[in-house]
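Notes for the one structure printed next.
So that the names make sense, note that chain A is the first sequence line, chain B the second, and so on, each numbered from 1. Computed from a predicted model, the values in this text were never measured in an experiment. For the numbers below, each heavy atom of this structure counts, side chains included, while hydrogens, waters and symmetry mates do not.
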Amino acid sequence: MAFSIGCKKDLSLINKSAYTSDTYFASDVALNQGVVATYAGLLHTGMWAREWYFTFDLLGYDAKNNQPLGGDLLQLAQYNFGPDQNQVGETWAALYQIIARANVVIDRAQVWKPDPTKPTEAADQIQYIAECKFLRAYAYFQLVNLYGRVPLRTSYITLPTPADINKPRSPVADIWAFIEQDLKDAEAGLPVSYPDASYGRATQGAAVALLGKSYLYEKKWVSAQSELTKLTQAPFSYALAPVYNDLFDDPNQDDAGKNPETIFQVMNQKWTDWGVGNQYYVFGGQETWGGKATHSDRAQEYGFNDWNNVHITTTAVNAFTYPNPVSPNVNYVDPRAAFTFYGDAASGGQTQYCQQCSTGAVDFPFASKGYEWLKYEYYNKVASFGGPQSGINGQVIRYADVLLMLAESYIQQGNTGSQPLALINQVRSRPSVNAPLYPSLGSQANAMTILMRERQLELTGEQSRYFDLIRWGIAKQTINAEMQVEAGTQPFQDKNVLFPIPLAEKNSNSAVAKDISGDWN
Amino acid sequence: MKKHRLTKFLIFIGMTLSTLMISLPGFSQTGKITGKVSDQADGLPLPGVTIKVKGTTNAAGTNVDGSYSINANPGSTLIFSFIGYEQKEIVVPSSAGTLNVALSKSISNLNEVVVIGYGTSRRKDLVGAVDVVNAKDAGANTSLSPAQLLIGKAPGVQVVQTSGVPGSGAQIIVRGVGSFTDVSPLYVIDGIQGNEGLFNQISPQDIENITILKDAASTAIYGVAGANGVVIITTKKGKAGATQIAFTSQVGFATIPKKLDLLKAADYVKLLTDIDVSNNNPTPVKLTTPYALVDRNNWQNQIFKTALSTQNDVSVSGGNDKVIYNMSAGYVTQQATVKDYLLTRFTNRFTLEEKLGRFRFGQTLNLRYTKTDGLVESIGSALQYAPYQPIYDPSIQGGYSILTNIDDDSNAVNPLVDLGVKTQSSHEMVLFPQVFGEVKIIEGLTFRSQASIQYGSSVSDSYNIPYVISNKLFFDRQADRSFNNYYNYNIDNYFSYNRSFGKHNISLTAGTSYIDPGSSRFVSLIGTGMLNDQVKDISVATTITAASSSGYANGPGIEQSYYGRLIYSYDDKYILSASLRRDGSSNFPVASRYGNFPGAGFAWRFSQEDFIKAALPFISDGKLRVGWGRTGNNRISLTASDVYTFNGSTAGNLVYSFGRNEQFNSGTTLTTIGNGLLHWETTDQTDAGIDLGFLNNRITFGADYYNRKSSGLLVQIPVPPSLGIGINTGGSYQTVNAADAQNKGFEFQLGYRSEVKSDFSYNISVNGAFNSNKTISLGTQSPTPIVGGTSVAETLTQPGSPIGAFYGYRVAGVARDQAEIDALNAKAQQKTGNPSAVYQAGLKPGDFIFKDLNGDGTVDSKDQQVLGSSIPKFMYGINLGATYHNFDLNVVLAGVQGVQIGNDLLSTLDFAATGHNASTAILNRWEKPGDNAALPRAGQDDNGSGNLRPSDFFIQNGAYLKARNVTLGYTFTKATLQSFSGNVLSKLRVYVAAENLFTITGYKGYDPEIGSDGGDLIFNRGIDHGQVPQSRTILFGIQAGF
């Protein structure tokens, strides 16, 4: 009777919670979902929804801790961290998640057979692979700069062997070679632009810009110059956004007319309501308890009328006051100060907020607040945000950055002539800025000084300075000098030119564990 | 192929059986004996006594009035046996006729029938380490949960409560930690496999006894599920006879036995000011005002309360020789000792058994309805919230006061806010029917088919009004509802053959078992858009979306098993038991789905040998046992060998925005890796034991040595983050057969029972168990140690040390001043020869100096070592029972030794990296150069590399002795009962009891008995996060029989 029931059962079960990996990514729609998931990695913990700007604004000393800042972020602000520092591990993990997700698409899209009757599918196949190669290169670019030698993972293995799992670190040169190849492939496969509905995806320009930037970081000045020069010519039509703040304004930054400048940005959509997503998803709720949410909490975290966790450093503020290019004996206050921070009139900072509020403009209370961040804030529209919900996209690479990188590639080759001069002056002559132009760049050292300052002023609060100081080899002297003045410490040690290899990797990857010196890198 | 082998196996069993049947000689009986069997103590008739003619299969039973009738030859021997009574053998006198017999309650339990896997055995025939805990002796009347019955009762059996929250379960750990995935034993309820959930929710009133199979010779018959021991629950059955009604009622008052000493407002403000100074920050104005110096609330007093519990049980049982029945109903209400949570549980149980000729049927329906209301506030918040804060603040949305970093230097959360703004409730209904049918095919051979289904469904609701918590985090009005529905079932079919011939006694069992995982389907919904709070239900929401989870799961996977066992005894002296089980499990890849699990044991009752009887006459019973067996474990996720897509953990949550008008686009990717090489985890256990009885078994002693080696342990090991798997940065794991581990131990039990006298009698028993746990290897797939625990109480699992051993630095002291640090650095430079070497990176005056354990001159990660283990080295229990006239006293003491606790709470109680309240110990912190302080300065780093790195500071001695249960009862005499109730009451007992009356411990936290609190009991065990402690409960009760 019941006995027979016991003998016939097949021991296979079907999981009804998800699709199996080996059959799912076999259509245009599914592969597109794979690509979207790769972009989503840009918002993971450690990346652009929160930790990215804290980490590099603090370490690059664009930002310093205000009294509400505590916990692990305070350790970053004090340069007091080790291999178990949360952000050090989170950024590592998030970048590798982007790589793994990119690998899924690259692996599967290559074996996918597009439907010949649907001509868009063949084009999509090329585009998806190219997008993922761009994102994979973006992730390796950050990894190699931050951590140096890192494991090079080039495909998604669903059933990995222990050797696959315990992958050793690759030489820096191999990582750079891999990045270059990915970006060349991406450049060949990506469109120059997308229809409006797909705006925000990686373009050919993004691949060119990142490849040029990679050459610059590798000190391949000639290659950098020729690669970055492409962006100044057809088919590209990048130009500086006439109003500086449109780069940091939601929705103006998505407006093709107002912002022809952005080359690649992290897309943050304004948070709308709790039924859709969790306002606090940035604290680890991405893709899980956070619902559907892609906003940034930078405005809230930095905002002087909100959580006010950090100040802009006085060092950064003071940088906006410098010898006038045309009459060096007189100090000049750069107009970009008013787009970057709130302060007093003398500093050049913005002295009012709420300009567009129904209640009218309010004076910024400099006496009680001190210098505070304006870039990425929208206090011009509301007096207080009330919670994280900013839809302001994160600028990853924009045309002004490219112009300055191109100028640097000339200067580094010893060319301080009209070409780099024109590029620097082009950035300074943005209509809303209109800073006085440099008549000449002078010596190579002088030209570099000008270029460095120009990068600082243009890109304050855009997580550029930390990387610049490290690659220029002046991080220790610069950071320690600045922090000595403001914080009374000189915390930057020689080892800080690289991040420590995260403890979590060391604890789980035996090949990496035995290849770390001094508990650090 | 597999089927073929099975067929062969069954044919073999069948042939063996038929051979035995044919070869058995027949006996003839003559002469009718009749009589009555009664209880020697009170003279009442005993129904259900088995009377057997020795050496034959001829047997009969007594009926309701204790009378019996059996055919027997004069001169033959009649054996009268009845559970709980001494077996009596009487030679039939030459003249047939009446034979009245009085049985006395057993002191020794040798003839007691013990439930074992797929059958029963007499205790004296056991070859393995088996403990039986009778509910009666364990204080069943006062327990609200069945696991409590086991605490301190059986050597080597540890009960770990999940937490002190009502209704939370308990996990039983048998003989140490032998698995990296799951240490819970198999739970068998009335012979049918159940699970921990079912076990934890049985009313203790319904339990007759609990048998624990510890050695592998006994558990191997359960193969796949037996590696962590087997806990067999036997529930109360009806007895033939007049209807009996029993009623029990009790009320209890529970309190938290201990509170921690926290800072008052003035010291609190000083602490926060010191943090600001450390971090070079200004102090908020509010902290400099007199307002902040006023103590407004003691938050521990605000959240703790005296919790009331009530329990009422009624049972009706009775029957005749054809049908017996038992019905019981229980109603429990229990409040939490932390505001504000109420558990209400109704259990109902119907049992019927019918005998129809050679057939026997049984049906049991268990029904359980559980309702919870409210939520348990966070103890952690109560320890951290500012003492100057009021409870309420009408200016804040939601009405509860808040802190902000800007104004208060702290963002600790008001510990009472959830009570005011959230409502929560849940309802769960579980049906657990069990049925069996038995047929006697021929004399001695029985076929039994049994099945059970577990069906449950639950609905949880919550609602919150719009509110703001610290740092002005705003949460909008929201209603949630979640549904879960699950079922699973199992079927067993087996033959049993029991036969005695001459001095040979044989017992055979063979059968199959099938477990169907059924399914579990769940969905949870979020409702938003309500305009006011007049109706607190999702039904009025205007927008409803899927929330944190939805999905489908298969329970434990399909298990398909075949098993057989032989128990053979000769002359009650030599007993041999052997079993074999073959298990198939869907949890493994196709190639490795099946595993074989053999077991064998041998026992020698040397006390039956004449030469022993002559030489050692004081030994009334003596048995030596040895056994070996192999068991398995398959408790891993179904998906461990496959890879599935991921599109958000509520499907659809994985999105990114594209477009000039920014719209969500859905994403799907992979976030796991599979392991195609997974196979069974196996545990080989050897057991050797001795059982001794002296003075007619008034003194009993038992001891066991075991060696349990587990290999190919299934473990979720962390994989490198660089693999890029996992969700967000939630950690990434892979299930592998990684490790080998060993548990070796020694257990003993010593008991004394005085003679049963009416005025005074007593018994005492002591048990203890030593266990040594060691990781032997981590295998090739996981060559790096497994890290678990928390950042300050880190555990490391590595070869040579216990599983989940605490690991870290050792604190040397607090640096007094820069001079002390300079001296250390100078020494470091001298030792390393490096002129820029520092002793300890980042060390400043007022910081912990850690010990340079490897003596290389500097402190780095190589200066860490094993700091202790949360697996106790020694556990013990002491049980006392006494009756004096009408009074009875029962005392249970239990304790553990050689165990450490990772006190994670200290990282906020004794340290202040950020602003929050702390313990008074922090007054001894370093404040200025020259201070000889016990604790470091305020405001040091939050994690990792500074004072809050894992160290021995957080590892504390967790040894304790607890008075688990002290019960004093008074039973009214029959005469008294008759005088006021006539014949209505047959029994009346009143009692007062105390649970956790006192705890002797050096541990400074709330309670050294650390609950698992949702964490695993392997890599994250014994860590105090501020789990709700076990309460001290005073109970008053009454038991009545009608």
Quiz item: Taking all atoms of both residues into account, what is the closest heavy-atom pair of B/E662 and A/K270, and its distance?
Solution: OE1-N, 4.4 Å
Exercise. Heavy-atom distances under 4.5 Å only: say whether B/I725 touches chain A with side chain, backbone, both or neither.
Key: both
Exercise. Look at atom NZ of A/K495 and say whether more than 12 heavy atoms of other residues, nucleotides or ligands are closer to it than 6.0 Å.
Key: yes
Quiz item: Hey, what do you get for CG (B/N653) to CD (A/E287), rounding to the nearest 0.5 Å?
Solution: 8.5 Å
Quiz item: Which of the residues A/N268, A/D273, A/V512 is involved in the greatest number of heavy-atom pairs with chain B at under 4.5 angstrom?
Solution: A/N268
Quiz item: Do B/V655 and A/T294 have side-chain heavy atoms sitting under 4.5 Å apart?
Solution: yes
Quiz item: Which of the residues A/G200, A/A40, A/A30, A/G391 is involved in the greatest number of heavy-atom pairs with chain B at under 4.5 angstrom?
Solution: A/A40
Practice problem: Rounded to the nearest 0.5 Å, what's the gap from OG1 on B/T528 to CH2 on A/W274? Could you check? | Solution: 11.0 Å
Quiz item: Which answer fits B/F588, side chain, backbone, both or neither, if we ask what part of it has an atom under 4.5 Å from a heavy atom of chain A?
Solution: neither
Quiz item: Which of the residues B/S861, B/S836, B/G915 is involved in the greatest number of heavy-atom pairs with chain A at under 4.5 angstrom?
Solution: B/S861
Self-check item: Close side-chain approach of B/I558 to A/L13, heavy-atom, < 4.5 Å
Solution: yes
Self-check item: Any side-chain heavy-atom pair of B/P785 and A/N507 under 4.5 Å
Solution: no
Practice problem: Heavy-atom distances under 4.5 Å only: say whether A/L159 touches chain B with side chain, backbone, both or neither. | Solution: both
Quiz prompt | Side-chain donor or acceptor of B/T669 paired with backbone N/O of A/R101 under 3.5 Å | solution = no
Quiz item: In terms of heavy-atom pairs under 4.5 Å, which option from A/A100, A/A163, A/S508, A/G34 contacts chain B the most?
Solution: A/S508
Quiz item: Given that the side chain runs from C-beta out, which part of B/S585 has a heavy atom under 4.5 Å from chain A: side chain, backbone, both or neither?
Solution: backbone
Quiz prompt | Contact class of B/N280 relative to chain A, heavy atoms under 4.5 angstrom | solution = side chain
Quiz prompt | Residue A/A256 versus chain B: region with a heavy atom under 4.5 Å | solution = both
Quiz item: Would you say B/R660's side chain and A/D196's backbone share a donor-acceptor pair under 3.5 angstrom?
Solution: no
Quiz item: Of the backbone (N, CA, C, O) and the side chain (C-beta and beyond), which part of A/W307 lies under 4.5 Å from a heavy atom of chain B, both, or neither?
Solution: both
Exercise. Examine whether an atom of B/D276 lies under 4.5 Å from a heavy atom of chain A, and if so say whether it belongs to the side chain, the backbone or both; otherwise answer neither.
Key: side chain
Exercise. Please test B/T668 against A/F25 for side chain to side chain contact (heavy atoms under 4.5 Å, CB included), starting from the C-alpha separation and ending with a verdict.
Key: CA-CA 9 Å; B/T668 303; A/F25 295 101; 4.2 Å; yes
Quiz item: Does any heavy atom of chain B fall under 4.5 Å from the side chain of A/R201, the backbone, both, or neither of them?
Solution: both
Exercise. Specify which of A/V266, A/T158, A/N509 makes the most heavy-atom pairs with chain B at under 4.5 Å.
Key: A/T158
Exercise. Answer with side chain, backbone, both or neither: which region of A/P151 has an atom nearer than 4.5 Å to a non-hydrogen atom of chain B?
Key: side chain
Practice problem: Pick one of side chain, backbone, both or neither for A/Q279, based on which atoms fall under 4.5 Å of a heavy atom in chain B. | Solution: side chain
Quiz item: So what's closer than 4.5 Å to chain B heavy atoms on A/V150: side chain, backbone, both or neither?
Solution: neither
Exercise. Could you grab the distance from atom CG of A/D306 to atom OG1 of B/T404, nearest 0.5 Å is fine?
Key: 11.5 Å
Practice problem: Identify which part of A/K506 has an atom lying under 4.5 Å from any heavy atom of chain B, answering side chain, backbone, both or neither. | Solution: both
Self-check item: Largest heavy-atom contact set with chain A, pairs under 4.5 Å, which of B/G529, B/G659, B/P284
Solution: B/G659
Practice problem: Please examine the side chains of B/Y644 and A/S21, heavy atoms only from C-beta on, and report whether any two atoms are closer than 4.5 Å. | Solution: no
Self-check item: Toward chain B, the part of A/L42 with a non-hydrogen atom under 4.5 Å
Solution: side chain
Quiz item: Considering only heavy atoms, which portion of A/Y194 lies under 4.5 Å from any heavy atom of chain B: side chain, backbone, both, or neither?
Solution: neither
Quiz item: Between A/M47, A/Q493, A/Q300, A/E505, which shows the greatest number of heavy-atom pairs under 4.5 Å with chain B?
Solution: A/E505
Self-check item: Contacting region of B/L473 [heavy-atom separation from chain A under 4.5 Å]
Solution: both
Practice problem: For chain A, find which of B/T671, B/T283, B/I406, B/D860 contributes the most heavy-atom pairs closer than 4.5 angstrom. | Solution: B/I406
Quiz item: When you look at CG of B/N661, are more than 12 heavy atoms from neighbouring residues, nucleotides or ligands closer to it than 6.0 Å?
Solution: no
Exercise. Give the intermediate values and the outcome of side chain to side chain contact (heavy atoms under 4.5 Å, CB included) for residues B/F664 and A/V276.
Key: CA-CA 11 Å; B/F664 290 130; A/V276 177; 3.8 Å; yes
Quiz item: So which of B/V787, B/N279, B/T543, B/I275 has the largest heavy-atom pair count under 4.5 angstrom toward chain A?
Solution: B/N279
Quiz item: Within a radius of less than 6.0 Å around CZ of A/F283, do more than 12 heavy atoms belonging to other residues, nucleotides or ligands occur?
Solution: yes
Quiz item: What is the distance from atom CG of B/L723 to atom CD1 of A/I99, rounded to the nearest 0.5 Å?
Solution: 11.0 Å
Practice problem: Under 4.5 Å, counting heavy-atom pairs only, tell me which of B/S722, B/G648, B/G842, B/G724 racks up the most with chain A. | Solution: B/S722
Quiz item: Tell me, side chain or backbone of A/N393 under 4.5 Å from chain B's heavy atoms, or both, or neither?
Solution: side chain
Practice problem: Sort out for me which of A/A487, A/G275, A/G386, A/P83 touches chain B most, counting heavy-atom pairs under 4.5 Å. | Solution: A/G275
Exercise. Please round to the nearest 0.5 Å and tell me the distance separating atom CD1 of A/I157 and atom CD1 of B/I673.
Key: 9.0 Å
Quiz item: chain A: which of B/G667, B/P721, B/G527, B/P282 shares the most heavy-atom pairs with it under 4.5 Å?
Solution: B/P721
Exercise. For A/Y280 and B/F474, indicate whether the former's side chain and the latter's backbone hold a donor-acceptor pair under 3.5 Å.
Key: yes
Quiz item: Which heavy atom in A/Q269 sits nearest to a heavy atom in B/Q663, and how many Å separate them?
Solution: NE2-C, 3.8 Å
Self-check item: A/Y24 versus chain B, the contacting section by heavy-atom distance below 4.5 Å
Solution: side chain
Exercise. Return yes if some donor-acceptor pair links the side-chain N/O of A/Q67 with the main-chain N/O of B/N405 below 3.5 Å, else return no.
Key: yes
Practice problem: Please examine the side chains of B/I727 and A/T288, heavy atoms only from C-beta on, and report whether any two atoms are closer than 4.5 Å. | Solution: yes
Quiz item: Relative to chain A, which segment of B/S657 carries a heavy atom at a distance below 4.5 Å: side chain, backbone, both, or neither?
Solution: both
Exercise. Evaluate the criterion side chain to side chain contact (heavy atoms under 4.5 Å, CB included) for residue pair B/R593 and A/S12; output intermediate values, then yes/no.
Key: CA-CA 10 Å; B/R593 280 195 174 145; A/S12 297; 3.4 Å; yes
Exercise. Output the distance between atom CG (B/N281) and atom CG (A/N65), rounded to the nearest 0.5 Å.
Key: 5.5 Å
Quiz item: Are side-chain heavy atoms of A/R153 and B/P720 found at a separation under 4.5 Å?
Solution: yes
Quiz item: Mind checking whether A/V36 and B/S666 have side chains closer than 4.5 Å, heavy atoms only?
Solution: no
